[in-house]
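Here is the structure we will look at.
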Amino acid sequence: MSRKHVSVASMPSLGEAEYPGGHYQQQSHNRSGTNVHSGVSMPSLLVASSERENSVELESSGTKREIDKRRRQTDTGKTIVTTPWYPAGTVKDNIKLCDEVNALCKLLELTEEEVAARHRFRTTLHETARDIWSSVTVKVYGSLSYGLSLPGSALDVVVEGCNDLSTNFNTFVDMINNLGFKVEAKYCAPEEAFIKIRAGDIIANLSLVHKKSLARASVAKIRGFIEQYPMVAPVFAAVRLLLQQSRCNNAADGGISSYAILIMILHTCREFNPLDAGQLLVAFFKQHQTPTKEIISATAFDDMSHPKN
């Protein structure tokens, strides 16, 4: 199911869970997320879905917990879990961590329209810059160029061939404003300049340089690594969401940048050589000693990607 039907902004924290007879703590959720509860011991990304219950149904069919219990069990008494990435529900015993991480990534990935909108934005910037610098090139780098962009990811764009920046920079900024885009930050030096632009839901970091930029030099290499380790993309999405929910995803506020996270995940791949996304996620937390180490130590690494007998 895509985010057209499930709002990521209302997604519960990945640290929340409820098991039969357990306690469910209701929280409010928004795009910035909530703090992750590191004390929950669970070998997967399960979250509770009981807050979705309709109040009318509660009044006519019994108590909230009775309805939750019926909906979370099969006819044979097996537990059914419902999450934003398993909206139809699935039997808990059949869940594999690797499948769950992949499903979460599928939910979070940009839609075709969102990707197209970002490329249209790049084209608009190119056409605008060309009115000032005739031989300019405008290229995307960063998460979108790797296929790892998430709804909240900034669009990284480099404009090469910008001569006489000191003279033409303010003119270019005025042209961007005239397009209806909002310039949120800017600076200009003789050889380089930077503009942060907001265009609707798109936030773009625009770098302007006189010569060829090194920003694009790593794109092909990182694409090669992701091709070699296809489990990187779903784990990147899961880690980024966890950081977002704990408000640790903004490097400007002391958090970890997406590029740093990507390098850490690739390093984990080379160190552990995981077989799937489940093993990589566990290895990543194990290697970097996150607050989830209690979960890691309580669960055998080799069994994390497979249902237990």
Side-chain angles (χ1 to χ4, degrees), residues 8 14-15 33 36 38 41-46 83 85-86 95-110 115 140-156 214-246 248-251 255-308:
V8 179
L14 296 183
V36 175
S38 59
S41 295
M42 56 180 180
S44 68
L45 305 175
L46 302 182
T83 70
W85 49 93
Y86 286 144
I95 293 177
K96 296 190 295 183
L97 181 59
C98 61
D99 294 338
E100 198 170 8
V101 175
N102 288 331
L104 175 64
C105 180
K106 190 69 176 175
L107 175 70
L108 295 177
E109 68 183 4
L110 296 180
V115 173
V140 172
Y141 67 101
S143 58
L144 185 65
S145 65
Y146 313 141
L148 301 178
S149 193
L150 301 177
S153 299
L155 177 63
D156 297 311
L214 297 177
R216 291 271 306 172
S218 62
V219 171
K221 182 169 288 189
I222 291 179
R223 281 177 177 171
F225 283 133
I226 293 174
E227 223 175 277
Q228 182 180 358
Y229 301 106
M231 67 286 292
V232 166
V235 171
F236 178 82
V239 172
R240 285 288 290 165
L241 181 60
L242 286 167
L243 288 172
Q244 176 182 316
Q245 291 183 335
S246 57
C248 294
N249 62 320
N250 189 349
I256 308 176
S257 70
S258 59
Y259 193 79
I261 289 296
L262 179 58
I263 295 300
M264 292 164 70
I265 292 174
L266 290 173
H267 177 66
T268 301
C269 285
R270 301 187 74 171
E271 289 290 313
F272 286 81
N273 197 28
L275 299 177
D276 57 42
Q279 286 192 0
L280 175 56
L281 183 64
V282 172
F284 176 83
F285 287 140
K286 185 175 183 180
Q287 183 178 37
H288 298 290
Q289 296 295 298
T290 71
T292 57
K293 62 183 179 181
E294 292 177 310
I295 302 174
I296 305 304
S297 62
T299 311
F301 173 78
D302 291 339
D303 294 336
M304 282 296 286
S305 297
H306 306 281
K308 296 186 177 182

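Computed from a prediction, not measured in an experiment: that's the story for all the values here. Position 1 is the first residue of the sequence, and the numbers go up from there. All heavy atoms count here, side chains included; hydrogens, waters and symmetry mates do not.
- The line from CD1 of Ile226 to CG of Leu266 is 6.5 Å long, rounded to the nearest 0.5 Å.
- Side-chain atoms of Arg223 do not come within 3.5 Å of backbone N or O of Gly147 as any donor-acceptor pair.
- Looking at heavy atoms from C-beta onward, Asp276 lies out of side-chain contact with Asp99 at the 4.5 angstrom threshold.
- Annotation: the span from Asn249 atom CG to Leu150 atom CG amounts to 10.5 Å, rounded to 0.5 Å.
- One finds the SG atom of Cys269 at 10.5 Å from the CZ atom of Phe284 (value rounded to the nearest 0.5 Å).
- Residues Val235 and Tyr229 have side chains not in contact (no heavy-atom distance under 4.5 Å, counting atoms from C-beta outward).
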Legend entry - Candidate pair Trp85 and Glu100, rule side chain to side chain contact (heavy atoms under 4.5 Å, CB included), full reasoning: CA-CA 8 Å; Trp85 49 93; Glu100 198 170 8; 3.1 Å; yes
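- Residues Asp156 and Gly142 share a closest heavy-atom pair of OD2-CA, 3.8 Å.
- Looking at Phe225 and Ile265, their side chains never come closer than 4.5 Å, going by heavy atoms from C-beta outward.
- One finds the NE2 atom of His288 at 6.0 Å from the NE2 atom of His267 (value rounded to the nearest 0.5 Å).
- Side-chain contact between Leu104 and Pro234: absent, with no pair of heavy atoms (C-beta onward) separated by less than 4.5 Å.
- In this structure, Ser258 and Phe236 approach most closely via the heavy-atom pair O-CE1, 3.4 Å.
- To the nearest 0.5 Å, the span separating CD on Gln244 from OG on Ser153 amounts to 9.0 Å.
- Pairing each heavy atom of Ser145 with each of Val140, the nearest pair is CB-O, 3.8 Å.
- When atom types are taken as modelled, the side chain of Thr268 and the backbone of Met264 share a donor-acceptor pair closer than 3.5 angstrom.
- Heavy-atom minimum distance, Asn102 versus Ala277: OD1-CB, 3.9 Å.
- Of all heavy-atom pairs spanning Ile256 and Arg240, the tightest one is O-NH1, 3.7 Å.
- A 4.5 Å side-chain heavy-atom check between Tyr146 and Leu262 finds at least one atom pair inside the cut-off.
- Residue Ala237 comes nearest to Leu108 through the heavy atom pair O-CD1, 4.0 Å, listed as atom of the first residue, atom of the second, then distance.
- Looking at Gln279 and Val282, their side chains never come closer than 4.5 Å, going by heavy atoms from C-beta outward.
- Ile261 contributes atom CD1, which lies 9.5 Å from atom SG of Cys248 (distance to the nearest 0.5 angstrom).
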